[in-house]
There are 2 protein chains.
Amino acid sequence: MDVREEILKAAARLYCETGFRGTTTRGIAREAGVNEVTVFRHFGSKEALLREAIGRQWGGGGCGPLALESRGDPLAELQEWAKGMTGGLRQMAPLIRTRLGEFEEHPEIVPPRGSPPAQAAEMLTRYLEELRSAGVARADFDARMAAAMLMAALFADGIVRDGLPDMFHENIDSSIEEYVRIFLRGLGVAA
Amino acid sequence: MDVREEILKAAARLYCETGFRGTTTRGIAREAGVNEVTVFRHFGSKEALLREAIGRQWGGGGCGPLALESRGDPLAELQEWAKGMTGGLRQMAPLIRTRLGEFEEHPEIVPPRGSPPAQAAEMLTRYLEELRSAGVARADFDARMAAAMLMAALFADGIVRDGLPDMFHENIDSSIEEYVRIFLRGLGVAA
DNA sequence: CACAATCGCAAGCGGGTGCTTGCACGGGGG
DNA sequence: CCCCCGTGCAAGCACCCGCTTGCGATTGTG
């Protein structure tokens with residue numbers, strides 16, 4: 001495979017495990033099966049390499065196939081959507097956790113706008129507004145706040161669960177279903 | 001003030017900003033206004049120092065005064081409780097974010113059991129069970145999952161908000177109130 | 001006063017870090 | 001055939017890391 005690609009993959013992998021400081025150009029080279037000099041010849045500096053390696057799979061690993069369109073059963077379709085979302089989050093959890101601990105120190109690595117969770121929250125907001133204008137949900141809630149609430153719950157479950165296991169029920173799918181059930185009831189959607 | 005205390009405070013401060021690898025014994029000494037040798041004379045090693053410095057304020061900064069007892073208005077008292085919880089979380093946010101990014105690499109720094117969020121979730125679980133047995137809430141929800149949901153929403157809002165600002169409504173208190181309102185409605189508590 | 005404890009200062013040790021330089025090798029295209 | 005481009009290899013530079021040692025100054029206590 002392409003040498004450049006191999007270096008990028010190794011860099012992203014190591015960054016998830018050990019963060020910016022812990023990721024070594026020597027380590028990246030070893031992991032990619034490449035001489036350290038080659039790394040610098042391709043990317044110039046460690047920072048430029050990590051910016052490209054992380055930026056690409058920060059934008060790419062989002063909620064691509066997660067469409068959200070009313071098909072009659074809000075509970076079922078939102079539960080399915082939430083499970084997909086949580087699955088995607090859990091897949092990116094190590095990267096997100098590491099980024100979360102370093103975004104103050106290295107804000108330049110990733111574009112702050114339009115991150116996948118924010119896009120998903122926006123999509124969810126529109127969906128909730130559709131539910132409301134269709135008369136399925138009650139009228140007196142803030143769609144953006146409500147969307148943020150469900151997103152926050154899914155986000156924390158997907159990201160924090162590994163670190164605080166005694167806070168969550170061990171069955172992930174059941175938990176997600178219950179979250180969505182409570183959430184939709186809270187918006188006045190009959191269950 | 002006590003030299004030992006000054007070193008511990010400096011170590012905790014630096015750890016929040018730069019993590020385990022980024023925190024330097026030279027930096028701690030400079031920040032504490034102390035010679036680097038003194039740091040080692042007091043704590044022996046960097047790891048022992050950080051373990052003590054972080055362990056203490058990991059257990060200490062929790063939800064101490066946050067009692068939760070039914071006084072008639074579940075919405076108001078749970079909103080107040082949630083605001084206090086979020087405030088405490090936001091105060092510890094840098095530490096929590098850093099810990100979250102490193103708990104796989106340095107699990108020894110902090111006792112994994114009985115963390116403040118887990119204690120709060122337990123307290124909330126009991127409160128919800130009281131609401132249910134008092135007939136205020138409906139009967140068909142899992143109290144532990146429900147508690148985890150609200151805790152997760154508060155947790156993510158308090159911890160992630162700074163890193164994903166476009167996902168949340170800018171008014172924190174209004175957001176928390178709306179979260180709790182939706183949540184209690186979801187449990188069948190009349191609002 | 002004598003003693004012990006605590007601290008600062010200067011220096012250093014072995015090792016790791018990002019990054020550079022010089023040179024040799026191999027294979028593909030003119 | 002030759003040349004050039006991408007790569008490997010060995011070495012090194014200046015710096016930072018955790019941690020240690022030796023010694024002198026200060027301070028409080030018997």
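Values below: every heavy atom of this structure, side chains too, minus hydrogens, waters and symmetry copies.
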Is the closest basic N to carboxylate O distance between [X] and [Y] below 4.0 Å?
X	Y	answer
A/E122	A/R126	yes
B/D140	B/R138	yes
A/E5	A/R56	yes
B/D157	B/R90	no
A/R161	A/E170	no
A/E17	A/R97	no

Specify the separation, in whole Å, of atom [atom1] of [X] and atom [atom2] of [N].
X	N	atom1	atom2	answer
B/R30	C/dC9	CZ	C1'	17 Å
A/I7	C/dG18	CD1	C1'	15 Å
A/R51	C/dG18	CZ	C1'	16 Å

task: Quantify the bending of the helix from C/dC1-D/dG30 to C/dG30-D/dC1 as the angle between its end axes, each fitted on five pairs, to 10°.
output: 10°
statement: When every non-hydrogen atom of B/A148 is compared with those of A/Y179, the smallest separation belongs to CB-OH, 3.8 Å
Which pairs of donor and acceptor atoms, one on a side chain in residues 28-37 of chain A, lie under 3.5 Å apart (sequence neighbours left out)?
from  : atom 1 : to    : atom 2 : distance (Å)
A/N35 : OD1    : A/V37 : N      : 3.0
A/E36 : OE2    : A/T25 : OG1    : 2.8

Any residue of residues 15-28 of chain B with a heavy atom less than 4.0 Å from an atom of DNA chain C: B/R26
Any protein N or O atoms within reach of nucleotides 3-8 of chain C? Criterion: under 3.5 Å, listing atom names and distances.
from  : atom 1 : to    : atom 2 : distance (Å)
C/dC7 : OP2    : B/H42 : NE2    : 2.8
C/dG8 : OP2    : B/N35 : N      : 3.3
C/dG8 : OP2    : B/T38 : OG1    : 2.2
C/dG8 : N7     : B/R41 : NH2    : 2.8
C/dG8 : O6     : B/R41 : NH1    : 3.4
C/dG8 : O6     : B/R41 : NH2    : 3.1

message: Other residues, nucleotides and ligands only: do more than 12 of their heavy atoms fall within 6.0 Å of CD on B/E52?
response: yes
message: According to ring pair (Phe, Tyr, Trp, His ring centres under 6.0 Å), who are the partners of A/F20, at least two apart in sequence or on a separate chain?
response: A/H106
task: Tell me whether the guanidinium CZ or amine NZ of B/R181 lies under 6.0 angstrom from the six-membered ring centre of A/F141 and within 45° of its axis.
output: no
message: side chain to side chain donor-acceptor pair (under 3.5 Å) for B/Y15 and B/E102? Distances and angles first, verdict last.
response: CA-CA 11 Å; B/Y15 177 84; B/E102 293 188 344; 2.9 Å; yes
query: Quick one: how far along DNA chain D does chain B reach, first to last nucleotide 5' to 3', anything under 4.0 Å to a heavy atom?
result: D/dC17 to D/dT21
- prompt: Strictly by modelled atom types, are A/Y127 and A/E77 linked by a side-chain donor-acceptor pair under 3.5 Å?
  reply: yes
